[in-house]
Protein chains: 2
Amino acid sequence: MTEPLSADMFPDADCADRPMPFRVGGKWTGWVLRCLDDGPHRFTELRVALHWVTPKVLTETLRAMERDGFLTRTVHDENPPRVEYGLTVLGRSLIGPLDGACDWARRHAPEIAEARGAYRS
Amino acid sequence: MTEPLSADMFPDADCADRPMPFRVGGKWTGWVLRCLDDGPHRFTELRVALHWVTPKVLTETLRAMERDGFLTRTVHDENPPRVEYGLTVLGRSLIGPLDGACDWARRHAPEIAEARGAYRS
DNA sequence: CTGCATCCTACATGATACTG
DNA sequence: CAGTATCATGTAGGATGCAG
């Protein structure tokens with residue numbers, strides 16, 4: 001596990017641009033869950049995968065998820081410092097409903113696009 | 001169908017106060033879905049059930065849902081005017097994932113509360 | 001590398017008053 | 001009844017720079 005995360009893990013056409021009526025926590029919480037699904041990863045790895053979110057926002061997201069028990073933050077006492085974030089059992093349990101929401105979005109995105117196109121006034 | 005909506009349809013203790021990491025659309029979208037699940041209802045009925053949301057916010061929510069094809073707006077040409085909002089098939093299909101999210105929240109709310117209590121620093 | 005401090009903008013939400 | 005118009009506010013999200 002813990003293969004390095006790809007910067008193209010979330011190509012725009014397939015994720016951000018699709019009308020997604022569901023939100024999990026903050027704007028980035030769902031994506032962090034997906035990033036950590038295969039094992040722990042580091043701060044900068046997450047930054048790259050999440051299209052260079054600003055460190056402030058990423059820190060806030062991670063702190064909130066840690067506070068709610070969705071992930072753990074592990075500091076390895078090395079130089080240079082290494083910090084790893086990994087999902088807890090509770091955090092992992094979020095992935096089921098998250099998948100349900102994503103499946104819905106995948107299946108019904110065309111209908112939403114059509115409805116928006118047909119909407120006038 | 002279309003029994004009048006109760007003002008206590010969403011008692012605070014059971015909904016708004018529970019930590020809910022999921023969001024469907026805007027803040028009120030999920031609650032509108034629940035209100036319309038049993039059939040069409042009127043603007044003011046929705047206002048009452050949703051704890052007297054301001055008309056501006058309710059209008060914005062309903063317009064957005066209409067635009068995305070989740071509900072239909074029907075104007076009955078009477079006096080006084082009567083407008084009814086009802087779910088489309090697409091809107092109804094949102095209820096499945098919504099239930100999944102709510103079930104998750106119900107089951108794991110205690111763990112989140114515990115994690116928040118244990119969180120220090 | 002990690003992530004805090006500061007400042008800033010945009011949007012979501014809301015209160016209040018008014019109209020056909 | 002079913003909204004619209006206007007104004008106000010809080011918070012999420014982001015840009016930039018600096019520190020351990």
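Numbered from 1 within each chain, the chains take letters A, B, ... in sequence-line order.
Of the charged side-chain nitrogens involved, none lies within less than 4.0 Å of a carboxylate oxygen, so that B/Arg34 and B/Asp37 do not count as a salt-bridged pair.
With C/dG14, D/dG3, D/dC1 as the choices, the nucleotide that has an atom nearest any side-chain atom of B/Pro81 turns out to be D/dC1. Relative to the side chain of A/Val53, the nucleotides D/dG14, C/dG20, C/dG14 differ in distance, and D/dG14 lies closest. Of all nucleotides listed (C/dC4, C/dG20, C/dT6), C/dT6 comes nearest to the side chain of A/Lys56. Here the side chain of A/Val57 is nearest to one of D/dG3, D/dG13, C/dC1, namely D/dG13.
A/Val83 comes within 4.0 angstrom of the backbone, heavy atoms only, and of no base. Among the atoms of the strands shown, none is found under 4.0 Å from any heavy atom of A/Arg47. At the heavy-atom level, A/Trp28 lies under 4.0 Å from the strands shown only through sugar-phosphate atoms. In this structure, A/Arg23 reaches the sugar-phosphate backbone alone: every heavy-atom distance under 4.0 Å involves primed, P, OP1 or OP2 atoms, never a base.
A sub-4.0 Å separation between OP1 or OP2 of C/dT2 and a side-chain N or O of A/Tyr85 is absent. Side-chain N/O atoms of B/Arg42 include one lying less than 4.0 angstrom from OP1 or OP2 on D/dA2. The side chain of A/Thr54 places no N or O atom within less than 4.0 Å of a non-bridging phosphate oxygen (OP1 or OP2) of D/dG13. A sub-4.0 Å separation between OP1 or OP2 of C/dT2 and a side-chain N or O of A/Arg63 is absent.
Residue B/Leu46 contributes atom CG, which lies 12 Å from atom C1' of D/dA2 at whole-angstrom precision.
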